[in-house]
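First up is the structure itself, then whatever we jot down about it.
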There are 2 protein chains.
Amino acid sequence: MDSEELRNAGLKVTTPRLKILTLLENSVERHMTAETIYRLLTEGGEVIGLATVYRALAQFEAAGLITRHHFDSGQTVYELERGPHHDHIVCIRCGRVEEFYDKVIEERQREIAASLGFVLSDHALTLYGECNSPECLARKG
Amino acid sequence: MDSEELRNAGLKVTTPRLKILTLLENSVERHMTAETIYRLLTEGGEVIGLATVYRALAQFEAAGLITRHHFDSGQTVYELERGPHHDHIVCIRCGRVEEFYDKVIEERQREIAASLGFVLSDHALTLYGECNSPECLARKG
DNA sequence: ATCTATATTGATAGTCATTCTCATTTGAGA
DNA sequence: TCTCAAATGAGAATGACTATCAATATAGAT
Ligand SMILES: [Zn+2]
Ligand SMILES: [Zn+2]
Ligand SMILES: [Zn+2]
Ligand SMILES: [Zn+2]
């Protein structure tokens, strides 16, 4: 249950935190901004403060429950940390986000960092393109 | 000359634009924020408005003269578009930025995008780690 | 179940990077 | 040199996010 997850993360089990965690788990879109989470909750009749959303997300990230990304849209995007690491490809027309994992790229990154004398700790890889899905094409022609 | 570059880009040759372009060309640090550019110019005795710096950088980018990056520091970083494409590795302790190009990664990206049905148009790859250079170690122990 | 000490919440004010507004100035062609 | 649209710069405005703080809720002790 979500309460367990919070406790294991060393966080008190509170109503706002449970609301956010539950939303993240039940949303079809895995990648959301703080504003979107706030809007979905309040539109769903929940009462919660925007500051609380930002705070909870920061704590969830520190606890390793979620990860954050900076796509070119500018806003920070959060997603539940479930399953293995992956990177992203974003449609520049309709905004759709797909995930991928590529062993070759991951390996090359480690080699590159080492060859430059860096101890690699993290990386951010995002591809941008047009997905041309039916919904995408309908959006703009 | 810089005037040529501006004219070729379809931009009027103005004093502020020349100042910014010249600074970008003569700085040892190739990657700078708008604030840094503004500060370096004004500290150098030049008179220029911060809004003008932001505007010029946006125009330079649209014209393909410079590229922008969003490292995890938050601020947007600009660099002169000279030479071939490259990606970046940033030291999370001292902020040093190194550039690299990896043919294997570039190729895999195209393959991944295609396999997901996307027409690839751009990508952002940034590695983060500790460089442990002498200056880096001096910074925090 | 009740109490208590402490952590959390949420409304709001503040911050910081970036963009907008608009009166004034400037560059490029006539 | 003249003309006038384009560009500039000072400051206001925006938008995402963070800090403040009084009110509230949680976890553990009684
Ligand atoms: Zn993802
Ligand atoms: Zn699309
Ligand atoms: Zn370093
Ligand atoms: Zn670079």
Side-chain angles (χ1 to χ4, degrees), chain A residues 1-23 31-63 65-66 68-78, chain B residues 1-23 31-63 65-78 95:
Chain A
M1 201 204 288
D2 291 348
S3 309
E4 276 310 312
E5 216 164 345
L6 288 175
R7 256 189 292 271
N8 293 341
L11 294 170
K12 251 187 199 174
V13 179
T14 69
T15 314
R17 284 172 186 163
L18 285 173
K19 286 175 183 169
I20 296 170
L21 208 46
T22 304
L23 178 73
H31 309 85
M32 288 188 282
T33 67
E35 286 282 349
T36 300
I37 292 168
Y38 173 74
R39 186 172 47 72
L40 289 177
L41 286 175
T42 50
E43 283 178 357
E46 305 287 357
V47 175
I48 194 171
L50 179 58
T52 304
V53 174
Y54 274 105
R55 255 186 316 233
L57 290 172
Q59 292 157 339
F60 290 179
E61 196 212 356
L65 295 178
I66 63 177
R68 54 190 322 193
H69 309 289
H70 292 85
F71 299 154
D72 274 1
S73 58
Q75 259 146 304
T76 303
V77 171
Y78 301 85
Chain B
M1 200 202 293
D2 293 348
S3 309
E4 277 308 313
E5 216 164 346
L6 288 174
R7 258 189 292 271
N8 293 342
L11 295 170
K12 242 186 206 176
V13 179
T14 69
T15 314
R17 285 172 186 162
L18 285 173
K19 285 176 184 169
I20 296 169
L21 207 48
T22 304
L23 177 72
H31 309 86
M32 287 188 283
T33 68
E35 285 282 351
T36 301
I37 292 167
Y38 172 72
R39 184 172 47 73
L40 288 177
L41 285 175
T42 50
E43 282 179 357
E46 304 288 355
V47 175
I48 194 172
L50 179 57
T52 304
V53 173
Y54 275 104
R55 257 185 315 233
L57 290 173
Q59 293 156 339
F60 290 178
E61 195 211 357
L65 295 178
I66 63 177
T67 53
R68 54 189 319 188
H69 309 289
H70 292 84
F71 300 154
D72 274 1
S73 59
Q75 259 146 302
T76 303
V77 170
Y78 302 85

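Convention: sequence-line order gives letters A, B, ...; per-chain numbering from 1. The model shown is predicted, which means the values in this text are computed figures rather than measured ones.
Closest heavy-atom contact between Lys12(B) and Arg17(B): O-NH1, 2.9 Å. Between Pro16(B) and Thr52(B) the shortest heavy-atom distance is CB-CG2, 3.7 Å. In terms of heavy atoms, Tyr38(A) sits closest to Leu50(A) at CE1-N, 3.5 Å. Here the shortest heavy-atom pairing between Ile66(A) and Leu57(A) reads CD1-O, 3.4 Å. When every heavy atom of Ala56(A) is checked against every heavy atom of Ile20(A), the shortest pair comes out as CB-CD1, 3.5 Å. Contact between Leu65(A) and Ala9(A) at its shortest, heavy atoms only, is CD1-CB, 4.2 Å.
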Sugar-phosphate or base contact per nucleotide [nucleotides 1-13 of chain C; S, B, -; heavy atom under 4.0 Å]: ------SSBBBB-

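Residue Glu61(B) contributes atom CD, which lies 14 Å from atom C1' of dT18(C) at whole-angstrom precision. Whole-Å rounding puts the Leu57(B) CG to dT19(C) P distance at 10 Å. Across the protein-nucleic acid pair, Tyr54(A) atom OH and dC16(C) atom P stand 17 Å apart, rounded to whole Å. Residue Arg68(B) contributes atom CZ, which lies 15 Å from atom P of dA17(C) at whole-angstrom precision. When rounded to the nearest whole Å, the span between CG of Leu18(A) and C1' of dA25(D) equals 13 Å.
With hydrogens and angles ignored, the 3.5 Å screen pairs no side-chain donor or acceptor of Arg68(A) with any backbone N or O of Thr76(A).
To the nearest 0.5 angstrom, Thr36(A) atom OG1 is 9.5 Å from Glu43(A) atom CD.
Within residues 69-78 of chain A, the residues approached by DNA chain D to less than 4.0 Å at the level of any non-hydrogen atom are Gln75(A), Thr76(A), in residue-number order.
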